[in-house]
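Along the sequence shown, the residues carry numbers beginning at 1.
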Amino acid sequence: MTVPPAVDVLVVGGGINGAGIARDAAGRGLSVLLVEKNDLGGATSSASSKLIHGGLRYLEQFEFRLVAEALREREILLNAAPHLVRPMRFVMPHVPELRPAWLIRIGLLLYDYLARRDALLPSTTVDLTRPPYGHDLEKTLRRGFMYSDCWVDDSRLVISTAQAAAQLGAQIRTRTACSDLRRTGASWIATLQNADGIREEISVCAVVNAAGPWALRFLTDVIHIDVPYRLRLVQGSHIVVPKLYAGDHAFILQNDDRRVVFAYPYHDAYTLVGTTDVEIKGSIEDCRPSAAEVDYLCAAVNRYFCRKVAASDVVYSYAGIRPLFDDGAGNPSQVTRDYALRITGERNQAPLLSVFGGKITTYRALAEQVMAALSPWFPDMGCDWTATAALSGGDCGTAGFSPWLEEIRHAYDWLPEAELDTLARRHGSNLPAVLGDARSVEGLGVAFGAGLYAREVDYLVKHEWAATAEDVLWRRTKCGLHLNADQQAALKQYLRSL
């Protein structure tokens with residue numbers, strides 16, 4: 001059988017880490033192929049807490065290096081993807097029996113110190129007896145603390161990163177699994193299988209295993225090697241409930257188990273609440289929030305907010321599996337969120353690098369470390385470059401996102417402002433390519449509802465690897481929250497017609 005021409009790097013896994021590695025490698029002049037067995041960002045990377053943050057609670061675990069790196073990456077991502085990453089103020093109501101005020105204040109001062117904060121405000125104290133921050137809270141809560149972090153559209157961050165990789169020449173293949181991998185000295189022969197069952201073999205110089213929760217299974221089931229380490233698979237669940245409070249700030253809620261739960265505005269009419277930490281021992285193929293997790297999150301809400309919620313109030317819920325590198329901690333909440341890289345292969349052998357753990361916030365730095373580890377095999381590749389480069393859609397001009405948005409509003413004044421703002425947040429500077437030559441709402445084609453038009457769906461299929469209604473409704477957009485069954489059926493029918 002004739003083996004196709006070799007590529008330099010095969011990346012297995014299309015989550016945020018895989019997409020980031022593909023982008024970084026392609027930008028260094030390497031030929032790259034990324035394969036993902038399902039959809040880009042279809043698992044953990046679209047089921048996060050949707051925060052770009054340093055991890056304030058990790059200071060209690062003395063994870064200073066991780067926090068400092070995450071805070072540095074927070075600023076980088078604000079500049080790289082201003083349409084997807086935006087500053088948010090977080091309010092922590094003080095409950096004296098959980099943590100003393102002096103401890104929280106010292107932690108926030110350290111958090112401020114470790115951060116560059118070019119674009120974000122420092123921490124401060126808050127009087128919860130006065131508006132605007134305490135109005136919807138229990139009246140027993142009188143004092144709080146406020147600090148800055150960022151919100152992100154996580155699944156679109158994956159897409160933006162993958163688009164950037166593709167623009168640099170990387171091949172992105174979704175619905176394609178790496179079903180077999182064997183080393184032949186200085187190269188690997190990978191067997192790839194698409195959704196139709198068609199197989200092909202390709203020769204590659206290096207393999208990066210970025211399969212997330214499936215990383216160990218890839219090593220044992222596909223490459224058939226024994227590994228001396230293991231992952232802790234920890235489920236994090238979230239619920240979406242009707243809006244709990246007014247304002248665009250977030251809350252960080254302390255619990256008796258010393259964990260914290262976030263609550264923040266979500267798509268205007270809702271509040272998103274998460275997350276949990278439950279170690280998974282069984283199958284991870286169909287993870288979903290358990291009844292106990294939903295009750296846990298509802299209890300956290302009810303402790304702090306005037307408006308009470310129950311499981312019956314949950315309009316949407318989701319869960320993701322965090323693949324945490326096992327550091328021996330007994331409590332899943334105490335397991336490090338830092339990443340670990342493990343590489344096999346002598347200098348004269350084809351390398352296999354596996355990625356374990358990590359946070360969405362630090363994916364760019366992780367990719368940089370992966371390329372540093374692979375540099376002995378690619379001595380002529382380019383140097384580090386991603387720290388100052390925009391992601392696809394992130395080139396909104398030197399003045400920043402808000403002035404750019406004003407220009408866009410003027411250029412497309414025929415589109416309702418709320419719909420235009422949503423599209424601009426979704427696509428950034430790629431928006432003109434999405435709207436094409438349309439000069440009216442009618443020119444956007446079929447209206448499926450919630451500001452989703454056929455013109456955008458066509459773009460998602462052609463340029464963002466969307467293939468199913470779920471891809472469109474829950475990862476490329478969040479229109480699934482707003483479209484009824486008939487509208488979703490119309491979208492499915494439209495996709496079948498393409």
Side-chain angles (χ1 to χ4, degrees), residues 7 9-25 32-48 154-155 158 161-162 165 170-183 188 190-195 202 204 206-236 280 282-287 319-326 337 339-345 350-360 362-363 366-367 369-371 373-374 465 475:
V7 298
V9 180
L10 170 66
V11 180
V12 179
I16 190 62
N17 287 335
I21 293 163
R23 172 196 179 221
D24 194 321
V32 179
L33 169 61
L34 181 149
V35 295
E36 162 56 47
K37 64 179 182 179
N38 294 311
D39 184 30
L40 295 175
T44 305
S45 295
S46 60
S48 76
D154 52 2
S155 54
V158 178
T161 304
Q171 302 176 59
I172 309 293
R173 298 192 198 176
T174 60
R175 272 81 185 185
T176 301
C178 180
S179 59
D180 186 67
L181 192 65
R182 61 188 187 277
R183 185 187 271 132
W188 289 95
T191 301
L192 308 180
Q193 181 173 321
N194 68 17
I202 185 168
V204 301
V207 176
V208 177
N209 168 19
W214 294 270
L216 281 186
R217 187 184 302 177
F218 179 74
L219 295 177
T220 58
D221 295 359
V222 176
I223 314 178
H224 309 293
I225 60 175
D226 295 325
V227 291
Y229 32 79
R230 68 187 187 98
L231 291 178
R232 300 280 292 276
L233 300 178
V234 178
Q235 177 167 294
I280 301 299
S283 172
I284 61 173
E285 301 302 330
D286 186 29
C287 67
I321 303 294
R322 308 182 190 97
L324 306 180
F325 192 72
D326 190 0
R337 265 52 175 177
Y339 52 83
L341 309 179
R342 295 294 183 267
I343 194 164
T344 64
L352 165 67
L353 188 150
S354 294
V355 176
F356 301 112
K359 291 159 44 70
I360 194 169
T362 55
Y363 86 94
L366 180 151
Q369 290 300 311
V370 166
M371 299 316 300
L374 292 177
W465 304 277
R475 285 184 287 277

Measure the shortest side-chain to side-chain distance between [X] and [Y] over non-hydrogen atoms and say whether it is less than 4.5 angstrom.
| X | Y | result |
| --- | --- | --- |
| Ser179 | Leu192 | no |
| Arg217 | Ile284 | yes |
| Pro213 | Thr44 | yes |
| Val32 | Ile21 | no |

> Are Leu374 and Val208 close enough, and set up right, to give a side chain to side chain contact (heavy atoms under 4.5 Å, CB included), and what steps lead you there?
Replying inline: CA-CA 10 Å; Leu374 292 177; Val208 177; 4.0 Å; yes
For the atom pair [atom1] ([X]) and [atom2] ([Y]), what is the distance rounded to the nearest 0.5 Å?
| X | Y | atom1 | atom2 | result |
| --- | --- | --- | --- | --- |
| Trp465 | Glu36 | CH2 | CD | 12.5 Å |
| Trp214 | Leu233 | CH2 | CG | 9.5 Å |
| Thr362 | Asn17 | OG1 | CG | 7.5 Å |
| Asn209 | Leu216 | CG | CG | 8.0 Å |
| Ile280 | Leu231 | CD1 | CG | 13.5 Å |
| Gln171 | Leu10 | CD | CG | 10.0 Å |

>> Apply side chain to side chain contact (heavy atoms under 4.5 Å, CB included) to residues Ile223 and Leu352 and explain how you reach the verdict.
In response: CA-CA 10 Å; Ile223 314 178; Leu352 165 67; 3.5 Å; yes
Tell me whether [X] contacts the main-chain N or O of [Y] through its side chain, where contact means a donor paired with an acceptor under 3.5 Å.
| X | Y | value |
| --- | --- | --- |
| Trp188 | Pro351 | yes |
| Thr174 | Asp39 | no |
| Arg183 | Ala350 | yes |
| Thr176 | Asn194 | no |
| Ser155 | Arg475 | yes |

Do you know which two heavy atoms are closest between [X] and [Y], and how far apart they sit?
| X | Y | answer |
| --- | --- | --- |
| Ala19 | Ala165 | O-CB, 4.5 Å |
| Val35 | Cys178 | CG2-CB, 4.4 Å |
| Ser46 | Gly41 | OG-O, 2.6 Å |
| Val355 | Leu366 | CG1-CD1, 3.7 Å |
| Gly357 | Tyr339 | C-CB, 4.0 Å |
| Ile360 | Ser45 | CD1-O, 4.4 Å |

> Side-chain donor-acceptor pair under 3.5 Å between Thr161 and Tyr363, yes or no?
Replying inline: yes
